[in-house]
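Every value quoted in this text rests on a predicted model; they were computed, and no experiment measured them. Atoms within a ligand are numbered from 1 in the order they appear, just like the ligands themselves. FYI, side chains are in, hydrogens and waters are out, and symmetry mates aren't considered; it's all heavy atoms of this structure.
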Amino acid sequence: MPLSDKFGRAITDLRISVTDRCNYKCVYCRTGNEGALYGDLPFADYLRMARVLTGLGIQKVRVTGGEPLLRKGVVDFVRDLAKLRTAHGEELDIALTTNGHLLADMAQSLKDAGLRRVTVSMDAVDPERFARITRVPDGYDNVLAGIRASRRVGLWPVKVNCVLMRGFNEDQVVAFGKFAREEGVVVRFIEFMPLEEDRVWSPNTVVALDEILRRMAEYRPLVEIPHGRSETARRYRFDDGVGEIGIIAPVSHPFCGHCSRIRITSDGKIRTCLFSVWDHDLHGQMRRGASDEELSEFIRGVVQKKEERHHIGEPDFVPASRTMVHIGG
Ligand code: SAM
């Protein structure tokens, strides 16, 4: 029986955070003062978790963090993941989310190891603004080189994620539209969610889907194209067919009803929702000597507790027990 929760959602998508360290301190994510808060595990432990989970129906694995490329051995981890097969004997769809700072030199080895595609986070297409958001000087050129190297080695598609936050970068919408067309990447705007260390989120800090579309239309109209049910992004092409834009709108247009994801944190806890207020100690089970069958039973039980939906912006909203960088985005 494939993994599914009590609302009938099939769980096919796994995100594994391999560290909660990050070399960027993006203003919408981190305070700038906190470092890593949780430990990380030997790659062999994540690999065992991934193997058990693929046996239960996982088809996609995304390696994330913190910043996953900070972890020595991540390329070998991707190579080992690529040897796993889904319950139907197919190859896994392996992706990586990174800030791109170290990507240029690693793109070829990651591709050779079996990585299929990469998502690079980038919140401004202007070096100065980029430095102000990431609080790291001179990162922009590295990230751009990482994006270009990924395209060159055939990591496809290259997606560029941009979190828009009012007062910081909402005026970058058109610049990103041009960037998508010129660089041949899919740019995806993400609505800012209340998952930051600083707790600065309020509804008016969010630049919502409608506003993004309106701003982009001042440059060129977008035409919506079909997207998969469990895909997080609404997809658009420009009216001349060149350049793809996605908008991930968990705040203004929640998609929890189609959620197919679970996450494993760097310290081996399962999180069933970004907004969970607790986690489930999978690694604790391993430390106690659980067999693969016992881990599978534990995972099935945890998935039954997956939250129906998030409550962002509602009076009963309770902040998640971890912030994004410590969960794995
Ligand atoms: N370090 C990697 C990176 O920069 O992509 C992976 C981890 S990062 C936490 C994953 C993604 O989460 C990034 O695209 C980041 O922009 C996004 N993110 C972080 N905080 C967010 C928030 N409060 N709301 C929406 N997206 C957020």
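- Between His101 and Tyr24, the gap from one ring centroid to the other is short of 6.0 Å.
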Run the salt bridge (Lys or Arg N to Asp or Glu O under 4.0 Å) check on Arg215 and Glu211 step by step: do they pass? CA-CA 6 Å; Arg215 284 178 178 269; Glu211 178 178 340; 3.0 Å; yes
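- Ser276 and Glu307 share a side-chain donor-acceptor pair at under 3.5 Å.
- Checked against a 3.5 angstrom limit, the closest N/O atoms of Gly66 and ligand 1 fall inside it.
- Under a hydrophobic clustering in which Ile, Leu, Val, Met, Phe, Trp and Tyr are joined whenever their side-chain heavy atoms come within less than 4.5 Å, directly or via other members, Val143 and Tyr28 fall into different clusters.
- Nearest heavy-atom pair across Ala50 and Leu81 is CB-CD2, 3.7 Å.
- Taking any N or O of Thr64, backbone or side chain, none lies under 3.5 Å from an N or O belonging to ligand 1.
- Using the six-membered ring where Trp is involved, Phe189 and Phe176 have ring planes that are perpendicular, over 60° apart on the 30 and 60° scheme.
- For a threshold of 3.5 Å applied to N or O pairs, the pair formed by Met193 and ligand 1 contains at least one separation below that value.
- Note: His326 and Tyr38 meet the aromatic proximity criterion, with ring centroids under 6.0 Å apart.
- Looking at Tyr28 next to ligand 1, an N or O pair under 3.5 Å apart turns up.
- Considering backbone and side-chain atoms alike, Ser121 places an N or O below 3.5 Å from some N or O of ligand 1.
- Counting atoms of ligand 1 from 1 in the listed order, those under 4.0 Å from a heavy atom of Glu67 are 1 (N), 2 (C).
- The protein non-hydrogen atom at the shortest distance from atom 8 (S) of ligand 1 is Gly65 O, 4.4 Å.
- In summary, the atoms of ligand 1 found under 4.0 Å from a heavy atom of Glu191, numbered by their order in the structure, are 25 (C).
- The protein atom (non-hydrogen) at minimum distance from atom 19 (C) of ligand 1 is Met324 CG, 3.4 Å.
- Contact atoms of ligand 1 toward Phe192: 22 (C), 23 (N), 24 (N) (distance under 4.0 Å to a heavy atom of the residue).
- Counting heavy atoms closer than 4.0 Å to ligand 1, residue Val163 contributes side-chain atoms (C-beta onward) but none from N, CA, C or O.
- Glu183 and Arg151 are not joined by a salt bridge, as no carboxylate oxygen comes within less than 4.0 angstrom of a charged side-chain nitrogen.
- Counting only heavy atoms of the protein, atom 10 (C) of ligand 1 lies nearest to Gly329 CA, 3.7 Å.
- Geometrically, Arg132 does not engage Phe168 in a cation-pi contact, judged by NZ or CZ lying under 6.0 Å from the ring centre and within 45° of the ring axis.
- With a 4.0 Å cut-off on non-hydrogen atoms, Thr98 touches ligand 1 through its backbone and not its side chain.
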